[in-house]
Amino acid sequence: MKTLKTLCMTLLCVAFAACTNSNPTPAEVAAKIDSHETLSETDYAVMIDYCGEYARSAQQYFDIINEQPSDSTAEYSRAAQDLAGLKANSPYLDMFRTAIYAATDKQIGDKNIKKVQEYQKYEAFPLPEGSGPDLNIPDEVGVIEDMPDTDTTAVIATGDGVVVDENVK
């Protein structure tokens, strides 16, 4: 009888610990962002995984789009529509991307930096501030960002970004 009580108490403790240590959902992290709460490393892990899984799924469409000679092929159109559908099914994507862009490696945490390194091979994955190429170093090739949707006051050029010469000194 004593063994049964001990076993029941152990199972109860394990169940309680499992409930209290669960990761937040993307919706809970989004609510924290909306309420301007401080984000934890666990919150960043949820955001990184969310954006990373989107980027992993989107990569197949980027591969098709990038292989096309122009944007008027049927394959390009089909892949672009599928990519748009994938994005529509990811309601927190833009919010989480913005939060990751604004975060430093220190805020994200060493454990999550390994996840960032794993996901950065995908085109649609955002790198946090301080990761990736340093655009202040002239020998290092950086990422050309997309055109902003609204405020274009600081934009000095428009159009598709093309690396002209990667070896400029």
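Below, each value reflects all heavy atoms present in this structure, side chains not excepted, and no hydrogens, waters or symmetry copies.
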What is the minimum heavy-atom distance between [X] and [Y], and which atoms define it?
X      : Y      : result
Ala124 : Ala55  : C-CB, 3.8 Å
Leu83  : Ile65  : CD2-CD1, 4.2 Å
Tyr44  : Ala103 : CE2-CB, 3.6 Å

Rounded to the nearest 0.5 Å, how far apart are [atom1] of [X] and [atom2] of [Y]?
X      : Y      : atom1 : atom2 : answer
Ile48  : Glu53  : CD1   : CD    : 12.5 Å
Ser77  : Asp82  : OG    : CG    : 10.5 Å
Tyr122 : Cys51  : OH    : SG    : 14.0 Å
Asp105 : Ile113 : CG    : CD1   : 3.5 Å
Phe62  : Ser57  : CZ    : OG    : 11.5 Å

Does any N or O in the side chain of [X] come within less than 3.5 Å of the main-chain N or O of [Y], such that one atom is a donor and the other an acceptor?
X     : Y     : result
Glu67 : Ile64 : no
Ser90 : Leu86 : yes
Asp34 : Ala31 : no

Going by side-chain contact (heavy atoms from CB on, under 4.5 Å), name the residues that satisfy it together with Pro91, two or more places apart in sequence or in a different chain.
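With neighbours one apart ignored, the set is Tyr50.
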Residues which pass side-chain contact (heavy atoms from CB on, under 4.5 Å) with Asp110, listed by chain and number, not counting sequence neighbours
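By the side-chain contact (heavy atoms from CB on, under 4.5 Å) rule, Asp110 matches no residue at all.
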Are [X] and [Y] close enough that some pair of their side-chain heavy atoms sits under 4.5 Å apart?
X     : Y     : answer
Leu39 : Lys32 : yes
Tyr92 : Ile33 : no
Val46 : Thr25 : no
Met47 : Val29 : yes
Tyr54 : Asn89 : no

Inspect the contact between Arg56 and Glu118 and indicate whether a charged nitrogen and a carboxylate oxygen are less than 4.0 angstrom apart.
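A salt bridge is present here (some side-chain N lies under 4.0 Å from a carboxylate O).
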Just jot down the side chain to side chain donor-acceptor pair (under 3.5 Å) partners of Asn112, sequence neighbours excluded, or say none.
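Once residues adjacent in sequence are excluded, Asn112 has no partner under the side chain to side chain donor-acceptor pair (under 3.5 Å) criterion.
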Applying side chain to side chain donor-acceptor pair (under 3.5 Å), name anything that partners Asn66, two or more places apart in sequence or on another chain.
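Checked Asn66 against side chain to side chain donor-acceptor pair (under 3.5 Å); matches are Glu123.
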Suppose we screen for ring-ring contact (aromatic ring centres under 6.0 Å, His included). Which residues come up paired with Tyr119, at least two apart in sequence or across chains?
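Here the qualifying residues are Phe125.
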Could you check Thr98 against Met95 for side chain to side chain contact (heavy atoms under 4.5 Å, CB included), going step by step and ending with a plain yes or no?
CA-CA 5 Å; Thr98 301; Met95 175 188 282; 5.9 Å; no
Worked check of side chain to side chain contact (heavy atoms under 4.5 Å, CB included) between Asp49 and Lys115:
CA-CA 8 Å; Asp49 286 337; Lys115 286 183 181 185; 2.9 Å; yes
Sort and list the pairs that fulfil salt bridge (charged side-chain N to carboxylate O under 4.0 Å, His left out) and have at least one residue in residues 86-99, not counting sequence neighbours.
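Qualifying pairs, neighbours excluded: Lys87-Asp94.
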